4 protein chains.
Amino acid sequence: MSLQREGKYERILDAAITAIAESGFYHCQVSKIARLAGVADGTIYLYFKSKEDILIQLFQSRMGDFIAVIRNKLAQCGTTEERLRTIVETHFSNMEHNRSLAIVTQLELRQPNLSIRRAINGPLLDYFKLIEEVILLGIEHGEIPNVDIWVARQMIFGSLDEATTDWVLARHPRTLVSGVEPMLALFEGALRLRKTEEKRQLIPDEKREEDENANS
Amino acid sequence: MSLQREGKYERILDAAITAIAESGFYHCQVSKIARLAGVADGTIYLYFKSKEDILIQLFQSRMGDFIAVIRNKLAQCGTTEERLRTIVETHFSNMEHNRSLAIVTQLELRQPNLSIRRAINGPLLDYFKLIEEVILLGIEHGEIPNVDIWVARQMIFGSLDEATTDWVLARHPRTLVSGVEPMLALFEGALRLRKTEEKRQLIPDEKREEDENANS
Amino acid sequence: MSLQREGKYERILDAAITAIAESGFYHCQVSKIARLAGVADGTIYLYFKSKEDILIQLFQSRMGDFIAVIRNKLAQCGTTEERLRTIVETHFSNMEHNRSLAIVTQLELRQPNLSIRRAINGPLLDYFKLIEEVILLGIEHGEIPNVDIWVARQMIFGSLDEATTDWVLARHPRTLVSGVEPMLALFEGALRLRKTEEKRQLIPDEKREEDENANS
Amino acid sequence: MSLQREGKYERILDAAITAIAESGFYHCQVSKIARLAGVADGTIYLYFKSKEDILIQLFQSRMGDFIAVIRNKLAQCGTTEERLRTIVETHFSNMEHNRSLAIVTQLELRQPNLSIRRAINGPLLDYFKLIEEVILLGIEHGEIPNVDIWVARQMIFGSLDEATTDWVLARHPRTLVSGVEPMLALFEGALRLRKTEEKRQLIPDEKREEDENANS
DNA sequence: TATGAATGAGTGTTCATTCAT
DNA sequence: TATGAATGAACACTCATTCAT
């Protein structure tokens, strides 16, 4: 029974992603979501308080999953370079593999509606914190000079977000993941990332100077 | 501000910015805009085809002004460093001095609605092109290595946009303009900007004037 | 314009009486009232806050008229007997001549709904006060012994009300006005009404005693 | 009150009285009745055809009890005075001791809904007949002059009903039973009741017993 | 141009009832 | 009998747009 409940809950959420991505939150009728989910209109209200609540739970659930995945991957990274790469790669590939969710995230969730904003803020701030932790760790490890963490986070998230929106709006035929390397290069430059090869103590100082020259 | 003298068109546009910033595009009634503008509901439809059309013309008009201002300022810049500074400063100060417009721009214009998107794309692509030109010029002048212009533009616009959204949503008490310097530092790092103070010592005045002419 | 407004207001009220009498307040759709009134659904909401508000204004308006009529007639009565007759006659004939309004009054307005109750109480209490004033005047004039005014009012209104409900529900084929004389006889007995022939000073005391015997 | 031992039918009926008295018939959900009764929603439909049927059976059951009680008490009365007193006292005390039932009876049962009306009519007409029998007996016994029985019944029931509604709506802080004596005085006056204390002095005991047998 | 009363299509939500278990 | 998740018909109300003045 509980399994069926969960089944319907997820089906409604998936249907909502598709429906909202197609028509936008305001133009998408609850009955359309119900039809896509294969349930009756009224059934929606056994799982969600209101139409707005669908949007909120949708974001909290999917963004929660997303952050959990990134956190797991980050735990296995040894350097800031790897961590940045993990964030960019996971962000882009996740969005690319779930275009409807990306549309909802990039467009529909930018609501001025207060209750929606409040509900969205939680998971979003988690993501921000995660990015900021990576920067802070880089500074502590001496990989990054003392940058303004807040602004650095704005740059990283803003860039990923804009690239995703660009892709969602199909302003450009490129795949999202094709932007991973150039984006990473920009981030490393912006953060003056000192590649941590020396940590492994295999690389002589001269080599490092070459790298720095290449970067400048 | 003389309510009687300004054209009704402008008054309706200003009223729309205020009203939409307050309640969001979908929750803001045409009659509210009319009331704020001091005109009858029907009058709106003498100047605008539809409610949607208000949003579109609003963005086109204000974004057009914004781009014109930046273009003017850029014409007077001699270096990529100055040009980047101009963009960041103008973007932030414009948004900060017109919070309602910023709210509309940052939140309300992210509509998946196709006709709105199409109408918004024009001015936005102008802005993108403007940023890309600055990067391209930097590359041509040897101030910037060969970066992926597309991705660089995504980073610059995305960062400015995210910082503005952050400020609009008051996630942070800082003023927007306080982010100018750190943001610029990041951009310069990301673009591996070769500061052109030395350059000037290498290039004769005549040459520099040619560059400036090319930019104007 | 104001005339047209009033025209529609009244038309909606009349339509509501008919529609509610037919189907009951809860089963009667706003669109049915609109159709009967010859206006669009939305027009209703230019004149009334809500469906409930229609019921409230309906009662306040019609009951107000009713009380005004009775008050006028009472002002021309010289004796308690005449006043009681006026109340019974007016109550019955008004109801009989406006069956739909009677249905609404007798059945639909008995709502436990608090806001409806509150709105109804005003005019109803006016009517109660009017009845109580007649009784009080009778006591002051020595036409009625010292009865419990509150309970006397309950009896008078309750009897009129029940007779009206009986008639509305067609439990009996009699006309309402055919009940005027027997009802008056009951009221006069209940109130031990001393007929005020003596006031006219034409009738000797012996006659009065006969009357009293007949009444006992 | 042992929730487990009472039959579910009775528990549902009691729950319905409480729930309907609180929110009114139309605003009271079947699921609320089920919750109060401690049964599942579906269980209601094992005992009742529909929500409407609950109201109908509720009235028929409770009103049937009420009439049976009055009939029993009336059988023990020797005079019309006693019979009237019995009706008024029982009516008021029953209502006062079961306020929720009174609310349902006074407010919720005034439904124009035909099927409800029809179902209610049965027990109500029984009550009416009972009152009319008392009046008729009074006339036959010479205690009451020849009054219009129909109208007299309307007066008696209407007065009791209005007093009860007054009390239900708390328009007055008095208890209901405090109205017994004044109400009785009014009824006796209205019916020109000839008190039978003297009568008993005229009639031998055997005769009185016959009367009582006739009544039972 | 300007008005604002009137329109009526459109939809989120409720809740009595059913039925598989 | 008993359950309670699921159903889906039904409806009050909103608001962008029109048009007679």
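Note that the structure is predicted; figures quoted are calculated from it, not measured. Letters A, B, ... are given to chains in the order of the sequence lines, protein chains preceding strands, and every chain is numbered from 1.
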So do C/Val30 and C/Tyr45 actually touch side chain to side chain, heavy atoms under 4.5 Å?
yes

Does any non-hydrogen side-chain atom of D/Thr105 lie less than 4.5 Å from one of D/Val168?
no

Starting from C1' on F/dT17, measure out to CD1 on B/Ile54 and report it in whole angstrom.
12 Å

Round to the nearest Å and state the distance from A/Tyr9 atom OH to F/dA6 atom P.
15 Å

Can you measure A/Ile20 atom CD1 to E/dT11 atom P for me and round it to whole angstrom units?
15 Å

Sidechain-backbone polar pair: B/Lys51 side chain, B/Phe25 backbone, donor-acceptor under 3.5 Å:
yes

Heavy atoms from C-beta onward define the side chain here; which of E/dT3, E/dA6, F/dA6 lies closest to that of A/Tyr47?
F/dA6

If one requires at least 3 consecutive Watson-Crick or G-U pairs with distances under 3.5 Å, the stems of DNA chain F turn out to be E:2-21 with F:2-21

Please give, in whole Å, the distance from F/dA5 C1' to A/Arg11 CZ?
13 Å

Check whether any side-chain heavy atom of D/Leu55 lies under 4.5 Å from a side-chain heavy atom of D/Val104, and answer yes or no.
yes

Protein heavy-atom contacts under 4.0 Å, written 5' to 3' over nucleotides 9-15 of chain F as B (base), S (sugar-phosphate only) or - (none), form the string --SSBBS

Measure CD1/A/Ile33 against P/E/dT13 and give the value in whole Å, please.
11 Å

Under 3.5 Å donor-acceptor, D/Gln106 side chain and D/Thr164 backbone:
no

How are the rings of B/Phe48 and B/Tyr9 set to each other: parallel, tilted or perpendicular (split at 30° and 60°)?
parallel

For E/dA5, does either OP1 or OP2 sit under 4.0 Å from a side-chain N or O belonging to C/Lys8?
no

Show your reasoning for whether side chain to side chain contact (heavy atoms under 4.5 Å, CB included) applies to A/Phe59 and A/Leu124.
CA-CA 9 Å; A/Phe59 181 71; A/Leu124 208 51; 4.1 Å; yes

Salt-bridge present (A/Arg62, A/Glu10; N to O < 4.0 Å):
yes

Can you tell if the side chain of A/Leu109 reaches within under 4.5 Å of the side chain of A/Leu58, non-hydrogen atoms only?
no

Separation of F/dT1 P from D/Ile44 CD1 (nearest whole Å):
15 Å

Euclidean distance, atom CG of residue C/Leu46 to atom P of E/dT7 [Å, nearest integer]
8 Å

